[in-house]
Amino acid sequence: MLIIDHLTLQLPYYADGYATWWKRRWATCLDAFSLTLSPGEVHAVVGASGAGKSLLAYAIMGLLPIPARLNGQLYYQGKPLDASRQRQLRGREMALIPQSLSALDPLVRTQRQVAWAAQRAGQPSAHAWRSSQQALDHYQLDTRAQQAYAHELSGGMARRVLTAMAHVSQAKLVIADEPSVGLDPLQRQRVLAALRELADQGKMVMLITHDLRHALPIADHVTIMRDGKRVETALATAFQGSGASLTSAYSQALWLALPDNAFATTTVSRREQETNVA
Amino acid sequence: MLNAHRLSFRFSPDTPMLEDVSLTLEAGQWLGLSGDSGAGKSTLGKLLAGYLAPQAGAVTLDGAALPKSGMQPVQWLPQSPELAVNPRWRVGKILREAWTPSDAQCQAFGVQPSWLSRLPQSLSGGELQRVCVLRALAPEVRFLVADEISTMLDPITQLELWQALKREAEQRQLGVLVISHDSALLERLCPKCYHLRDGQLTLI
């Protein structure tokens, strides 16, 4: 169980683009954000770009840049999740599937890379090699892909390698940051199905995405995020028809703006940019 | 009228990308193009905008070849705006590189005056995409190739971008080729859609 309790995150920025400390201001990126993630569920965190979704993942993993100011509480399995515990659990109990494919080491072959993830999670090296093999087979990566370097993989394959690394570490909490961006429908289906499967094995899966439509079929709960705040947490089943069972106007607007629904704006969406700049 | 006549293109001699593809885009027409990744959608878009030269066939604009220099009347809008801007230029300079949009046009595309003094990496992907779309709408431009421009946008931002583009295109009779994976989106935007498979176009 992961509990995020009123998490507030501020990052420094500089009014004219130059990093001089006397011109430093603080931008609030997460604003009293709360969320509970239980084992066996896929919890989708959906929001526009710039809503602070990725920063939420970094805050949980303890990967924020040094000058960040963090307030509020994180609890993992009932105990507070502080910096030292984050360092201890990272890559073992908690795994992040990063957004950027540049997270793969360009100088080693796929299987070595996955075996490293297994070793970092505490498996002896012979065992790690075997389990990396199993994980890669499981995600339908053939021998050629297993022997390939990162630049030789397609976007969908690289995503599955990253998912295999999270899988092999036996992490209980998996955070996937925009795993389906830039993939064609078949590849996206595979990557999302892999996440659903992790949840069905009793793991906690947080799916961070802007793609509400494709998150819905695999998600149990959906949290809509906007400007660092939680707008609403709803069951995935609430997103249907005209969105009448959604409580907030913004989530309704988000739902109705989809091309397969009304594809029309409602009043709330217009003032988005103004609030962003302030 | 933008016309592609029997285009063939291959990156290497033994793998044909496009074979004998013909396509016509009228002024004011919205045309959709879908296909699996690697089918050659972007290649076709780049051929139409003159970024690539076909090995056989020709792209013509009102019967004449595309101009060799100057502002191109066919503009290609790429998927990743971060890669389409100079990271050392401020947004104002990027936006006004080709032409100077009016305040009303900036507002229609939701480009805020406060962005102009910022560097592109301080804008979000959706914000930067709107800057790039507006940049491509110089008065000389008559056709747009929108290559997956709203893939990384949330539904609301996506909708706003298309609404602004639709209004602008109607006013100026812009012809737009929309390339996307998203069949629901294409259905909404384009009365006529093509599917690209194995180097061949089929009408859906």
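Every chain is numbered from 1 and lettered A, B, ... according to where its sequence line falls, protein lines coming before strand lines. Please read all numbers here as calculations on a predicted model, not as lab measurements.
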Answer yes or no for A/Arg226 and A/Tyr250: cation-pi contact, defined as NZ/CZ to six-membered ring centre under 6.0 Å and angle to ring axis within 45°.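 Yes, A/Arg226 lies over the aromatic ring of A/Tyr250.
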Given the ring of B/Trp89, does B/Lys93 sit roughly above its face, with NZ or CZ under 6.0 Å from the centre of the six-membered ring and within 45° of the axis?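 Flagged: B/Lys93 positioned over aromatic ring of B/Trp89.
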Among A/Gln187, A/Arg213, A/Glu178, residue most engaged with chain B (heavy-atom pairs, under 4.5 Å): A/Arg213
I'd like to know if B/Arg172 pairs up with B/Glu168 as an ion pair, taking the criterion as any Lys NZ or Arg NE/NH1/NH2 lying under 4.0 Å from an Asp or Glu carboxylate oxygen.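 Yes, this pair counts.
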Would you mind checking which part of B/Glu148 comes under 4.5 Å of any heavy atom in chain A, side chain (CB onward), backbone (N, CA, C, O), both or neither? neither
Against chain A, label B/Leu189 side chain, backbone, both or neither, depending on which of its atoms sit under 4.5 Å from a heavy atom there. side chain
Is A/Asp211 close to chain B through its backbone or its side chain, or both, or neither, when contacts mean heavy atoms under 4.5 Å?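 A/Asp211 has no heavy atom closer than 4.5 Å to chain B.
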Should the pair A/Tyr149 and A/His151 be assigned to parallel (<30°), tilted (30 to 60°) or perpendicular (>60°) ring geometry?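 The rings of A/Tyr149 and A/His151 lie parallel, inter-plane angle below 30°.
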